[in-house]
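Have a look at the structure below, then the notes.
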Amino acid sequence: MGFSKWVLLLLIPCVLIPRSCLCSSRPGLTPEELAQIPVDFLNLAQKPEIVDYMVSIRRRIHEYPELGFEEFETSKLVRSELDRMGIQYKHPLAVTGVVGYIGTGKPPFVAIRADMDALAMEESVEWEHKSKVPGKMHACGHDGHVAMLLGAAKLLQGHRDELQGTVVLVFQPAEEGGGGAKKMIDDGALENVNAIFGLHLSVKFPIGAVATRPGPIMAACGFFEAAISGKGGHAAIPQHTIDPIVAASNVIISLQHLISREADPLDSQVVTVAKIEGGGAFNVIPDSVTIGGTFRAFSMDNLIQLKQRIEEVIMRQASVQRCNATVSFSVKPFYPVTANDKALHEHFKNVAQDMLGPHKILGMEPLMGSEDFSFYTEVIPGYFYYVGMKDESLGKMEAGHSPHYRLNEDALPYGAALHAALATRYILENQQNQQKLDAAKESSHDEL
Ligand SMILES: [Zn+2]
Ligand SMILES: [Zn+2]
């Protein structure tokens, strides 16, 4: 039975169809049947009941944003939805994380991931479902990510008898600087998992399109904070002071030379001092100045090299001005490079092209931003891509982390369908590969 016919059958009330006739063990699908799967998932995801479901989930989460490792209500909502769908899950992982399982509970295992955390900022968009929590806002689209993964769960659970393998639903906390993915891995989220897919909504790319690239897609990053101490005093009598403001100024300028003079110009790196605190009066030299910032690179070797040089420059440059300095790199966890597996890139291209058409698969340059999805790609083959939501008719849409950020809910079905199709095709194709391998083994035994 073709996949599309099977999907149509599922839409008929299940009382009319005994479950046993939907789970016949079929031989491998033809290329045409495989190509139809993404199309069918998109059609299903665009049905009003699925769209309305995802929109309502997304709006509920948007109204009550929660910061990293505090996603207690969001996690509860995810679990109650999984309960309602009859999907088994593990909880808690990484404080608020949830991992659901759809399918046979046997290999191949393929994971699809959503992040759940919001940002510590005030929403400036006036609309019916504006954040009801002062100082917190879903301004990176993670509310939509949760809604899309639940939407995908609904689509996949309807097809569970066809899955000769297991889809692992990863709902993780604390993507925004907390390294929630790392804690999820430590708590066993990737147990048995062969591959993982993750997505991010983006206003840069048009609705109905996706953007991605093989290899490194987002940079590794680290953070630093330094205290530069001197001796405060009257601003008009500098000879009686040790001025940490002049020392900090020289430190900041010298840090920029790490990029302009020491880094390979063809290998992108960034050092930014984004925070500076010191002094509070026009006529007082303060005792100390604190600076902080971030550094980025496309290899861990370069990141470690930058870390070492940042420390040396701060310590030594401060001492030129007779100041002392301390440097800390533990303000936030380091994130590795997010690197897309080359074989999964081919898989993604095939599935997305079947669903959206070849012109909707856009290439992109790597970004200096970082993602904690990188922790997954560090340990197993992983793949990260962007789902476009730009629509000229909605006017100018601000990028993530803006207080004016608006999420185009028309993009939700694309994300849900891509999650479901990538996972389903991965299982089918890997299962077919396994069958071929098994058959080859058997025939070689025959020859013996
Ligand atoms: Zn973000
Ligand atoms: Zn984000």
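The residues of the chain are indexed from 1 along the displayed sequence. Atoms within each ligand, like the ligands themselves, are counted from 1 in listed order.
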Residue pair Phe295, Phe334: steps toward the ring pair (Phe, Tyr, Trp, His ring centres under 6.0 Å) verdict: CA-CA 10 Å; Phe295 50 108; Phe334 282 29; 5.6 Å; yes
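- Closest N/O/S atom of His401 to the Zn ion (ligand 1): NE2.
- Tested against His62, the residues His142, His138, Glu123 include a single side-chain hydrogen bond (donor to acceptor under 3.5 Å, both in side chains) partner, Glu123.
- Less than 2.8 Å away from the Zn ion (ligand 2), the protein contributes these N/O/S atoms: Cys140 SG, His142 NE2, His200 NE2.
- When each of Glu371, Met368, Arg296 is tested with Met218 by the rule side-chain contact (heavy atoms from CB on, under 4.5 Å), just one qualifies, namely Glu371.
- Taking the six-membered ring for Trp and the full ring otherwise, Tyr335 and Phe223 have centroids separated by 6.0 Å or more.
- Here the CD1-CZ distance, from Ile259 to Arg309, works out to 11.0 Å after rounding to the nearest 0.5 Å.
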Can you list, pair by pair, the side-chain donor-acceptor contacts under 3.5 Å of residues 196-211, counting residues two or more places apart and other chains?
from   : atom 1 : to     : atom 2 : distance (Å)
Ser202 : OG     : Lys204 : N      : 3.0

